[in-house]
Amino acid sequence: MKKVVLIVLACSLAAGCATTSKSKYKSVNENEVPEKYTKDFHKRRADIEQVSWQMVDSNCYIASFKSNDNLVNMKFKNTAVETSWNVPMEYTPTNIVDYIKANYEGFKMEEVNIVEIRNKKTYRVYIAKKKETKLLEFDLMGEFMQEVEL
């Protein structure tokens, strides 16, 4: 009897974990996304067949997909399209790593992205120490630009 209860509990826990989304945004089907965004996406990325959409709000949607084994997100808003590419930690420019070590003692890099908005590309680096998280922006040469409000 104990084994049956443990199996039922394990299955319930596994099912609960499987349905928990990692994103804070609502997943939506492509047909729920405004046509102007889906048309723009397919015009820009005609080579992409598998894409998942999320709704941030009624005027902002995110298309997520893989390109060359790299995670890419395109955020469509009324004012602009923001594209971000995930950068593996080992490919982060050394001057960015050195800047963080020198100016943000105790912080560790959590995520590094290259972000393009209106044809301008920057590095955005999320750093964290305990419960504190910061977002730093660097130019493509790895020079610090600003700390971005979260």
Side-chain angles (χ1 to χ4, degrees), residues 11-150:
C11 289
S12 298
L13 180 62
C17 291
T19 59
T20 302
S21 175
K22 291 182 181 180
S23 175
K24 59 185 175 184
Y25 306 121
K26 178 185 173 192
S27 291
V28 293
N29 292 321
E30 188 168 312
N31 60 359
E32 299 174 82
V33 178
E35 187 177 8
K36 65 182 178 181
Y37 297 146
T38 58
K39 278 186 173 182
D40 191 12
F41 174 78
H42 290 294
K43 180 179 163 188
R44 292 170 186 259
R45 299 308 299 252
D47 60 321
I48 302 299
E49 294 178 11
Q50 290 188 330
V51 60
S52 61
W53 288 91
Q54 296 176 316
M55 182 175 84
V56 177
D57 61 37
S58 62
N59 293 315
C60 183
Y61 290 81
I62 299 173
S64 301
F65 56 94
K66 284 224 173 197
S67 178
N68 298 325
D69 292 328
N70 195 4
L71 179 63
V72 181
N73 291 314
M74 292 180 76
K75 184 185 284 186
F76 293 86
K77 302 185 266 186
N78 284 335
T79 56
V81 176
E82 178 181 309
T83 305
S84 67
W85 297 266
N86 186 270
V87 176
M89 293 294 179
E90 62 268 21
Y91 296 119
T92 304
T94 54
N95 49 337
I96 290 177
V97 175
D98 294 343
Y99 181 88
I100 292 169
K101 284 180 184 175
N103 295 285
Y104 292 90
E105 187 177 328
F107 281 83
K108 294 191 190 264
M109 291 190 311
E110 297 287 313
E111 183 178 336
V112 180
N113 296 299
I114 293 178
V115 178
E116 179 180 14
I117 303 172
R118 294 186 184 97
N119 296 321
K120 180 183 177 194
K121 291 181 182 175
T122 58
Y123 281 98
R124 288 201 180 160
V125 182
Y126 290 89
I127 59 173
K129 177 170 73 171
K130 297 184 183 179
K131 293 183 179 183
E132 185 179 3
T133 301
K134 295 180 182 275
L135 175 57
L136 308 178
E137 191 170 46
F138 297 83
D139 67 18
L140 287 184
M141 300 304 293
E143 298 298 319
F144 179 75
M145 294 170 60
Q146 66 179 340
E147 190 172 312
V148 180
E149 287 290 322
L150 291 176

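Both backbone and side-chain heavy atoms feed into the values below; hydrogens, waters and symmetry mates do not.
In this structure, NZ in Lys121 is found 12.0 Å from OG in Ser84, a value given to the nearest 0.5 Å. Between atom CZ of residue Phe138 and atom CD of residue Glu143 there is a gap of 9.5 Å, rounded to the nearest 0.5 Å. One finds the CD1 atom of Ile96 at 5.5 Å from the OH atom of Tyr123 (value rounded to the nearest 0.5 Å). Taking OG1 from Thr38 and NZ from Lys43, the interatomic distance works out to 13.0 Å, rounded to the nearest 0.5 Å. In this structure, the separation between CZ on Phe144 and CD1 on Ile100 is 9.5 Å, given to the nearest 0.5 Å. Between Asn68 atom CG and Leu71 atom CG the span is 12.5 Å, to the nearest 0.5 Å.
In this structure a side-chain-to-backbone donor-acceptor pair under 3.5 Å is present from Asn95 to Met141. With Asn70 contributing its side chain and Val87 its backbone, the two residues share no donor-acceptor pair below 3.5 Å. Looking at Tyr37, its side chain does come within 3.5 Å of a backbone N or O of Asn59 through a donor-acceptor pair. Side-chain N or O atoms of Glu32 include one that pairs as donor or acceptor with a backbone N or O of Asn29 at under 3.5 Å.
Shown here for Asn78 and Lys36, the closest heavy-atom pair between the two residues is OD1-NZ, 2.8 Å. For Arg44 against Asp40, the heavy-atom pair with the smallest separation is NE-OD1, 2.8 Å.
Within a 6.0 Å sphere centred on CD of Glu90, heavy atoms belonging to other residues, nucleotides or ligands number more than 12. Atom CD of Glu132 sits in a crowded spot, with more than 12 heavy atoms from other residues, nucleotides or ligands closer than 6.0 Å. The 12-atom threshold is exceeded at CD of Gln146, counting heavy atoms of other residues, nucleotides or ligands nearer than 6.0 Å.
Using a 3.5 Å distance cut-off with no hydrogens or angles, the side chains of Ser67 and Arg45 do pair a donor with an acceptor. In summary, the side chains of Asn86 and Lys66 do not present any donor paired with an acceptor at a separation below 3.5 Å, with no hydrogens or angles considered.
Glu137 pairs by the salt bridge (Lys or Arg N to Asp or Glu O under 4.0 Å) definition with Arg124, not counting sequence neighbours.
The closest side-chain heavy-atom distance from Leu136 to Tyr104 is below 4.5 Å.
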Residues 107-120 side chain polar contacts: donor-acceptor under 3.5 Å, at least two apart:
unit_1 : atom_1 : unit_2 : atom_2 : d
Glu111 : OE2    : Asn113 : ND2    : 2.9
Arg118 : NH2    : Thr79  : O      : 3.1

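Tested against Trp53, the residues Tyr61, Phe65, Tyr25 include a single side-chain contact (heavy atoms from CB on, under 4.5 Å) partner, Tyr61.
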